[in-house]
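The shown structure was predicted, so the numbers you read here are calculated from the model rather than taken from an experiment. Keep in mind that the numbers below use all heavy atoms, side chains included, and drop hydrogens, waters and symmetry copies. Protein chains get the first letters and strands the later ones, always in sequence-line order, with residue 1 at the start of each.
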Amino acid sequence: MAFSDKILEWYNKNKRDLPWRASTDPYKIWLSEIILQQTRVAQGTPYYLNFIETFPKVSDLASAKQETVLKLWQGLGYYSRARNLHAAAKMVVDDYGGRFPDTYKKLITLKGVGDYTASAISSICFNERQAVVDGNVYRVLSRYFGVEIPINSTAGIKYFKELALEVLHESNVRDYNQGIMEFGAIQCTPKNPNCGQCPLKESCVALKERKTDVLPVKLKKTKVKTRYFNYLVPLFVSGNGLNSTLLKQRTGKGIWQDLWEFPLLESESDIDLKTVKENYNRVLGIKEEAMVTLFNTEVVVHKLSHQHLYTKFWILEIDAPMPDAVPISELHKYPVPVLISSFMNAFKF
DNA sequence: AACACGGGGTG
DNA sequence: CACCCAGTGTT
């Protein structure tokens, strides 16, 4: 039996019952694919359910405020996905009359839809002959065929795309594509693959040559940068108990674009109370004096893929009203990074 | 061709 | 701690 038939047979027996598998509605498949980019099924599933419930149709998503979309996305990371998701929904409504594109060629014109996602949607929804190559597929193919070209090199990307197309199932592309990804996720796992009960064990090169632990080959990634964040958390206390604080939206490039955070004083190294006192008037844009205290006794280390953020939260009690302050009762409406959200919980905001 | 972009799970 | 996850867009 051919490789693709083995995969298909395995899939029919072992596939998980996932929410988006119940349909071939391109809106639902697209949404699930964007959410699952670089994201585990377990982490993405609750987000998928929330999005579908909040935006049953692509037009609902298109007409939403970006703030609403980002808030629903909060905690999932890679926030450009949320911005592109929103932009793509508008493209579907404005450029395609509200009907989702039905070919790879058209799908890949959508913001946030690259080669993988266009292949996934076109094959799963329309059974178009396109090969998906995600992290799972790289692993399965590199092991089964014993390919040692680095998967994240230009040559590797080209090679695996062509290989994936060569071994694609003859007729059932829809299930085969989901099958090879599911196979990688459940059977041919990164660590401790279940080779003992693998339907491909007779012909797997990596198993035969004891290379499952070195395949796929991946070029090492870049170094992690350390940054020092000092959040200045103003507390405008008024007599009637209607307390407020200040949030700013991150603009430009870099992490957490368009999300909100407390006024930030970033430094080259760890700073102390003295330095905070010298800078808070400038950072907050106020003239009043503040009583400053450090909230976290231990520096909070927030780890991103490329950055370690050493963070201190400074509480600034200010005995004056502030016009554009945010009432504490409305803090929960703003999309914020997990680092900020965690602090808000710890501080009992 | 390399890099930036989050957060969480796993061994 | 290192690696990985249903990748894409920018430089």
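Rounded to the nearest Å, the gap between the P atom of C/dA6 and that of B/dC3 is 25 Å. The separation of B/dG6 from C/dT10, taken at their P atoms, amounts to 14 Å, rounded to a whole angstrom.
Nucleic acid contact class of A/Gly184 (heavy atoms, under 4.0 Å, all strands): none. At the heavy-atom level, A/Ser32 lies nowhere under 4.0 Å from the strands shown. Counting any heavy atom pair closer than 4.0 Å across all strands shown, A/Val132 reaches no nucleic acid atom. Within the 4.0 angstrom heavy-atom criterion, no nucleotide atom of any strand lies near A/Ser80. The residue A/Gln257 sits apart from the nucleic acid: no heavy atom pair falls under 4.0 Å. Within the nucleic acid shown, A/Asn177 has no heavy atom closer than 4.0 Å to any nucleic acid atom. When heavy atoms are screened at a 4.0 angstrom cut-off, A/Ile34 is found touching no nucleic acid atom at all. Within 4.0 Å of A/Val137, counting heavy atoms only, lies no atom of the nucleic acid at all. Residue-level contact check: A/Arg21 touches the bases, meaning some heavy atom is under 4.0 Å from a base atom.
Looking at the side chain of A/Trp256, the nearest of the listed nucleotides B/dG6, C/dA6, C/dT10 is B/dG6. Residue A/Met181 places its side chain closer to C/dA6 than to any other of B/dG11, C/dA6, B/dG6. When the nucleotides C/dG7, B/dG7, C/dA6 are ranked by their closest atom to the side chain of A/Thr117, C/dG7 comes out on top. The side chain of A/Gln38 lies closest to C/dG7, out of C/dG7, B/dG8, C/dA6. Residue A/His302 places its side chain closer to B/dG7 than to any other of B/dG7, C/dG7, B/dA4.
A/Asn152 places no side-chain N or O within donor-acceptor distance of the main-chain N or O of A/Lys218, the cut-off being under 3.5 Å. Listed for the A/Gln74 side chain is no donor-acceptor partner under 3.5 Å among the backbone atoms of A/Ser341. In this structure, the side chain of A/Glu128 engages the main chain of A/Tyr104 through a donor-acceptor pair within 3.5 Å.
A close approach under 4.0 Å does occur between a side-chain nitrogen or oxygen of A/Lys303 and OP1 or OP2 of C/dC1. In terms of phosphate contacts, A/Tyr78 brings no side-chain nitrogen or oxygen within less than 4.0 Å of OP1 or OP2 of C/dG9. Between B/dG6 and A/Thr39, no contact under 4.0 Å exists linking OP1 or OP2 to a side-chain N or O. Between B/dG7 and A/Arg40, no contact under 4.0 Å exists linking OP1 or OP2 to a side-chain N or O. Taking 4.0 angstrom as the limit, A/Trp30 places none of its side-chain polar atoms (N or O) nearer than this to OP1 or OP2 of C/dA6. Proximity of A/Lys220 to the phosphate of C/dC3: no side-chain N or O atom is located under 4.0 Å from OP1 or OP2.
Ring geometry, A/Phe145 versus A/Phe3: the interplanar angle falls from 30° to 60°, so the pair is classed tilted.
Here C/dC3 presents its P atom at 12 Å from CG of A/Asn152, a figure rounded to the nearest Å.
Look at A/Lys158 and A/Glu162 and you find a salt bridge, because one of the NZ, NE, NH1 or NH2 atoms lies within 4.0 Å of a carboxylate O, short of that distance.
Between A/Gly75 and A/Ser153, the residue whose closest nucleotide on DNA chain B is further toward the 5' end is A/Ser153. The 5' end of DNA chain B is approached more closely, in terms of each residue's nearest nucleotide, by A/Ala155 than by the other of A/Lys191 and A/Ala155.
Ring centers of A/Phe55 and A/Tyr27: at least 6.0 Å apart, outside the cut-off.
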